[in-house]
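Owing to the predicted nature of the structure, the values given are computational and were not obtained by experimental measurement.
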Amino acid sequence: MTVMVPSARPTAPMRDRLVATLALALSLAISRLPLRRQIAAVRQLGRLPNARLARLEALYTAVLAVIPVWWPGRVACMEISLATVIATALTGRQARWVLGARFLPDGAHAWAEVPEGAVGRDIGDAIDRPWMPVLAVP
């Protein structure tokens, strides 16, 4: 008999989870728009001061913590990184939303970054096959 052990969900402070919940809801709504409209919406957040990497990491963890397991649609790197950028803006700071690609194997990926570093970029096998930024917004 095989026993399935649920994976541990990240934890975050209540305030960060509230901001992340709102940001994830906005991200899922914006994700239904064409990509050009998504980019235009994120560009509107570009007038804020940059966030610190530690704060971006905390908000990224909070977004991961509030992803509903019952959600019937897609919640992957694009939606998570967009939610992280929106959550950062809701706290009065800015992060860039980056869309990237790589070869061998071909793939696309999205992450959030500030001048100090990025979150959600180096996941899985990205160490030996790095992601190359294609578009950074704002």
Side-chain angles (χ1 to χ4, degrees):
M1 181 167 120
T2 303
V3 177
M4 298 297 290
V5 178
S7 62
R9 291 180 63 109
T11 59
M14 179 60 81
R15 182 174 181 212
D16 286 353
R17 285 185 298 176
L18 289 173
V19 170
T21 300
L22 178 58
L24 185 60
L26 290 170
S27 170
L28 293 173
I30 291 171
S31 294
R32 308 222 5 120
L33 299 172
L35 183 60
R36 71 176 191 269
R37 299 278 187 214
Q38 294 177 39
I39 292 168
V42 174
R43 281 193 201 278
Q44 298 303 313
L45 308 174
R47 297 183 181 100
L48 299 169
N50 285 322
R52 307 289 295 178
L53 180 58
R55 186 68 182 132
L56 187 65
E57 289 171 344
L59 290 170
Y60 177 74
T61 301
V63 168
L64 292 177
V66 300
I67 294 173
V69 295
W70 52 265
W71 183 255
R74 172 189 150 109
V75 181
C77 62
M78 195 160 182
E79 294 78 15
I80 292 169
S81 60
L82 180 57
T84 303
V85 169
I86 293 170
T88 306
L90 290 173
T91 61
R93 298 292 176 175
Q94 169 189 333
R96 281 190 305 260
W97 187 39
V98 183
L99 306 177
R102 72 172 177 198
F103 298 106
L104 300 173
D106 295 342
H109 188 49
W111 62 90
E113 72 179 16
V114 292
E116 298 173 50
V119 295
R121 180 177 183 170
D122 297 323
I123 58 173
D125 60 355
I127 294 173
D128 60 339
R129 292 184 293 279
W131 297 102
M132 300 303 295
V134 175
L135 174 70
V137 183

Does R93 reach the main-chain N or O of T88 with its side chain, forming a donor-acceptor pair under 3.5 Å? no
Note: A95 and V85 closest approach over all heavy atoms is O-CG1, 3.6 Å
Looking only at heavy atoms, which two atoms of W97 and L35 are closest? And how far apart? CH2-CD1, 4.3 Å
Might you point out which heavy atoms bring A20 and V63 nearest each other, and give the distance in Å? CB-N, 3.6 Å
Ignoring hydrogens, what is the shortest heavy-atom contact between L82 and S31? Give both atom names and the distance. CD2-OG, 4.0 Å
Atom of A136, atom of V98 and distance for their closest heavy-atom approach: CB-CG2, 4.2 Å
Heavy-atom closest pair, residues A110 and L99: CB-CD2, 3.6 Å
For R52, salt bridge (Lys or Arg N to Asp or Glu O under 4.0 Å) partners two or more places apart: E116
Taking side chain as C-beta onward, heavy atoms only, is R55 less than 4.5 Å from N50? no
Gap between atom CD1 of I39 and atom CG of L33 - 0.5 Å precision: 11.5 Å
State which residues pass salt bridge (Lys or Arg N to Asp or Glu O under 4.0 Å) with R74; sequence neighbours excluded, sorted by chain then number. E79
Between T61 and E57 (side chain of the first, backbone of the second, donor and acceptor by atom type, cut-off under 3.5 Å), is there such a pair? yes
Got a second to check how far R121's CZ is from S81's OG, nearest 0.5 Å? 12.5 Å
